[in-house]
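Below is one structure, written out as C-alpha cells; comments come after it.
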Amino acid sequence: MQKSARLLALLLPLAVFATGCSSSPGSSGAAGKTGGSVSSGGTSTQGGTVASGGTSSSPNGGSTAATGGNTSASGGSSARTGGTSTASGGSTATAGGTTSASGGSTAKTGGATTASGGSTASAGGTTSASGGSTAKTGGTTTALGGSTTASGGVTATLGGSTAATGGSTAFPAGGTATGGNTPAGGSNGGSALSGGSSAGGTTARGGTTSAGGSTGTGGTTSTSTGPSVTVSSACTTLETKLAWPTAKGSTVTISGTKSVTTYDGGGALHEGTLNDCSIGDQSSTKAIIEVADGGSVSNVIFGKNIGDGIHCLGSCTIDNVWYPYICDDAITINKDGTASKASTISNSGFKGARDKTIQHNGGDSTLNITNVYVEVAGKLYRSCGSGGGCTTSAKHTVNISNVVAIGVDQVAGVSENDQVTLSNICAFRTATLCNTYKVNSDTDSTKGANGTGEGPSPNCSYQGSDTHALVDRVGGAALSTDVLCPGSNSAKSGSTATACISGFDSCLKVCAPGMYGFKQLTCSGGTYTSPATGGCAVVTSAADGAAAAALASSNSSKATSSVSKNTSCSTEWAWGTDSSTTGNYCVCMEKPGYYQKSTGSAQPATWIVWDCQSPWW
C-alpha cells in the first residue's frame, strides 16, 4: 500500500504536466467579476508548493495544478515542473524559466518558442502562442488570438485588446483552458503586475529542471532609410572611365580658327582668342577648330576662350576631347548642311552648356555618340532646332550610348524626321532622356508618351533597362528601382496623375529643387502613384555637401520672402516661399532647363533661378 502511494505520487505530476501543456484552447465560460489588482512589487513565496489540484491565489481565477511550482498565468492552468510556466490555452512552457518582473511578460531562458498555430516569434526570446499575432521584440507574449502587444512586455490573451507599453493586461471574459479549470469568468482588466517576481519553486518529482539554452539575441533594427537598389555596375565602371583628365605638357594657343583634316592635340590644354565660354557667351559663331569632311580631332583639352568649339564641315571623328566651358555649342556636325557619312563622338566630356552641347545640322546622316560625360547642360544632343540649318526632309539616325549625365535637362532633343536610339544612360538631376520636336522648331511634338514630346516614341527608341538613376548620390527615402521615368510631364502622380507608360511601371522621377532627388512612381490601376510625403530621396552630403546642407529642411525658417518661380535670383542657396502656390518652398540655384532664363554674364552665380517645389523632406 505504501509502495502504491509512492508510485502514485511520482506519476501524478507527470499527468498534470502533460495536461497543462495542451495546445487546444479552453471553451468560453461565463463572464466573471472584474479582477482585483495585484499589489505592486508582490513576490510569490519561494519554494511554496500548492497541492495537486489546489486553488491558485492568482487574481484571475485560474486553477493551479503545480507540483512544486509557482502561480499560473491568467485564465489557464499552470503545470510547473521545475519552475516552468504555461500560458493561457496551451503555450509551450519554458524549461527552467522564471516569470519576469515588470509588465507580466514571460522571461525566456533558452530563446524564443513558437507554440501550436502561432506566428513566428521575433528574435530576442518572445513567444507567440496558439493563433496569436507575432509578438514584438522585447519579450512580450501574444496568446491565442490576442492582438499584438506593444514593446514593454505586457500579455494580451485570448482575443484581448492590445496592451500598451507597461500597461494593464487585457484578459477575456472566461474560458476553460485544458489542463486547469477556469472558474466562471477570468479577471477582466486586472492591473499588470508591477515589479512582481516569481521566484522559482522547488522542483518536485516528475521532471528535472532544465538548464535551458542561451537567450536569443534580438536582431538589430535598422533606423536608416534610403535606396534598397544599388547603382548599376555599368554606370560605376563608366564613371571611372570618364574621369576628367589632366592636361599634359605645355599649353597650345590657337589664334582665331585653326583648319585641320586630322589633328592630335597630344592631351595638351588648348586655349584660344575667341569668345569667353566660362561666362556662357551665346553670341559665338566662330570655331576654334574647323574640320574638313571626313577629318578627325583627338586628345584635346580646351580652355575657356574657344568660341563655338569644333565645326565639322561634313562627317568627322572626335575622340578624347574635353570642354570645361561651352558657349553656344561644343561641336557642330554637318556645318555645310549637306548629306554626309557617319560621324562619331567618343570618350569625351562637356561642362557648362547653357543650351545644346552637340548640334547636328545638314541632310541625311548618321551620328554615333558613345562614352561621354556631360554636366550642367540644356541638352547633350540637338537635331537641327529652330532655324538650325536642316531641310524639312532631313533625317538623322543617331545612336547614343554609355552616357553619364549630371544636371542636364534633356539627353537628346530630336526632330519628328529623326530616329534616335539610347542605351546605358546613367543620370542624376536629369529630367528628360529624349524629347521630340516638330521639324525645324522648338515646339514639342505630341507623338511621345501621354501626348507629350517625352519618352519612347516613333522617334526615340529605348527601354527602361537602358536607363539608370545614379541612386548612390541620394538617401532618406526607399527606392527599389533605378529605372528613370521618361520625363516630368509624361510621368505624373497625384491630382494630375498620368497613365502608366509601358515598360516604366515603376520608375524614378526627379524631385526637390534643382532636381537634386529621386522619387519613385508606381503604376496602380493604370495611373502613377507616389508617396504623399517623405518620398523624395535627396542628395547626400557625401555626394554634394553644399547642396545637401542647403536643401536641409532646417533652412525653411529662412524662407521669409515671397518669390516667383523660375525667375532670376542673385544669391545661390537662398530660400523663399512660392508666390503662386501656398506651402511650396523655393531655393535659388542652377536648374536644368533654365540656365538661359537667368541674367548677367558670370557662371555660375547668375545661371541661377528660383526653383519652387512642394516640401521634399
Side-chain angles (χ1 to χ4, degrees), residues 232 234-235 237-238 241-242 312 315-319 331 333-334 339-348 350 356-374 377-385 388 390 393-405 408-427 430-439 444-450 452-470 482-487 490-491 501-504 507-508:
S232 166
C235 293
T237 300
L238 187 60
K241 180 178 181 179
L242 295 175
C312 294
S315 65
C316 63
T317 300
I318 308 297
D319 183 66
I331 301 172
I333 303 295
N334 282 0
S340 68
K341 298 178 181 178
S343 297
T344 299
I345 300 172
S346 60
N347 306 310
S348 299
F350 309 90
K356 54 196 177 298
T357 303
I358 300 167
Q359 175 149 329
H360 194 174
N361 291 342
D364 297 356
S365 60
T366 297
L367 174 61
N368 301 306
I369 301 172
T370 186
N371 297 327
V372 164
Y373 178 90
V374 55
K379 304 171 187 67
L380 170 61
Y381 170 86
R382 180 67 164 101
S383 171
C384 300
C390 293
S393 61
K395 179 179 179 180
H396 295 151
T397 301
V398 186
N399 301 299
I400 303 176
S401 63
N402 301 324
V403 171
V404 175
V408 179
D409 185 44
Q410 299 173 8
V411 173
V414 304
S415 164
E416 287 181 331
N417 289 340
D418 302 329
Q419 180 63 54
V420 177
T421 302
L422 305 180
S423 63
N424 195 36
I425 308 300
C426 309
T430 297
T432 306
L433 301 181
C434 189
N435 196 82
T436 305
Y437 296 90
K438 295 186 179 298
V439 178
D444 283 356
S445 169
T446 57
K447 295 182 179 180
N450 288 320
T452 69
E454 301 170 349
S457 70
N459 307 104
C460 294
S461 178
Y462 66 96
Q463 300 176 346
S465 58
D466 293 314
T467 73
H468 303 287
L470 296 176
D482 74 338
V483 172
L484 290 161
C485 294
S490 58
I501 302 168
S502 178
F504 298 83
C507 61
L508 302 184

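These numbers come from the heavy atoms of this one structure, side chains and all, not from hydrogens, waters or symmetry mates. The structure displayed is predicted, hence computed values, not measured ones.
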Requested in this report: Measure the spacing between CG of N435 and SG of C460 and express it to the nearest 0.5 Å.
Outcome: 7.5 Å
Requested in this report: Can you measure from CD1 (I358) to CD1 (I345) and round to the nearest 0.5 angstrom?
Outcome: 3.5 Å
Report task. Mind checking side-chain hydrogen bond (donor to acceptor under 3.5 Å, both in side chains) for D409 and listing every partner two or more places apart, or none if nothing turns up? Result -> none
Query raised in the report: What pairs with K438 under side-chain contact (heavy atoms from CB on, under 4.5 Å), at least two apart in sequence or on another chain?
Result: E416, S441, T443
Report task. Just jot down the side-chain hydrogen bond (donor to acceptor under 3.5 Å, both in side chains) partners of S343, sequence neighbours excluded, or say none. Result -> none
Query raised in the report: Between D466 and S423, do the side chains contain an N or O donor and an N or O acceptor separated by less than 3.5 Å?
Result: no
Query raised in the report: Do S401 and T370 have side-chain atoms, one donor and one acceptor, less than 3.5 Å apart?
Result: yes
Query - Gap separating the OG1 atom of T357 from the NZ atom of K379, nearest 0.5 angstrom - result: 9.5 Å
Query raised in the report: Between H360 and H396, what is the ring plane arrangement, given parallel below 30°, perpendicular above 60°, and tilted in between?
Result: parallel
Query raised in the report: Can you list the residues that meet the side-chain contact (heavy atoms from CB on, under 4.5 Å) rule with A405, with sequence neighbours excluded?
Result: V374, V403, V408, V411, A427, T430
**Report entry** Nearest non-hydrogen partners of G455 and P486, listed with the distance
**Finding:** CA-CB, 3.5 Å
Query raised in the report: Who are the ring pair (Phe, Tyr, Trp, His ring centres under 6.0 Å) partners of H468, not counting sequence neighbours?
Result: none
Requested in this report: Answer whether the closest heavy-atom distance between the side chains of Y437 and D444 falls below 4.5 Å.
Outcome: yes
Query raised in the report: Any idea which heavy atoms bring A394 and N417 closest together, and the distance?
Result: O-CB, 3.1 Å
Query raised in the report: Just how far is it from atom CZ of F504 to atom CD of Q463, taken to the nearest 0.5 Å?
Result: 8.0 Å
Query raised in the report: Of all heavy-atom pairs between Q410 and G413, which one has the smallest distance, and what is that distance?
Result: OE1-CA, 4.0 Å
Query raised in the report: Can you check whether L242 reaches V372 side chain to side chain, under 4.5 Å on heavy atoms?
Result: no
Requested in this report: Check the pair N424, L238 against side chain to side chain contact (heavy atoms under 4.5 Å, CB included), reporting the backbone distance first and the verdict last.
Outcome: CA-CA 10 Å; N424 195 36; L238 187 60; 4.2 Å; yes
Query raised in the report: Taking side chain as C-beta onward, heavy atoms only, is I318 less than 4.5 Å from C312?
Result: yes
Query raised in the report: Rounded to the nearest 0.5 Å, what separation is found between the CG atom of L484 and the CG atom of L422?
Result: 11.0 Å
Query - Short side-chain donor-acceptor distance under 3.5 Å, D418 and N459 - result: no
**Report entry** Nearest atoms (heavy-atom pairs only) where G487 meets T432
**Finding:** CA-OG1, 4.1 Å
Query raised in the report: Can you check whether C235's main-chain N or O pairs, donor with acceptor, with T237's side chain at less than 3.5 Å?
Result: no
Query raised in the report: Y373: what forms a ring pair (Phe, Tyr, Trp, His ring centres under 6.0 Å) with it, not counting sequence neighbours?
Result: none
Requested in this report: Taking all heavy atoms of S490 and all of A449, pick out the closest pair and write down the distance.
Outcome: CB-O, 3.6 Å
Report summary line: To the nearest 0.5 Å, atom OH of Y462 lies from atom CD1 of I425 at 9.5 Å
Query raised in the report: Going by heavy atoms in the side chains, are N450 and I501 under 4.5 Å from each other?
Result: yes
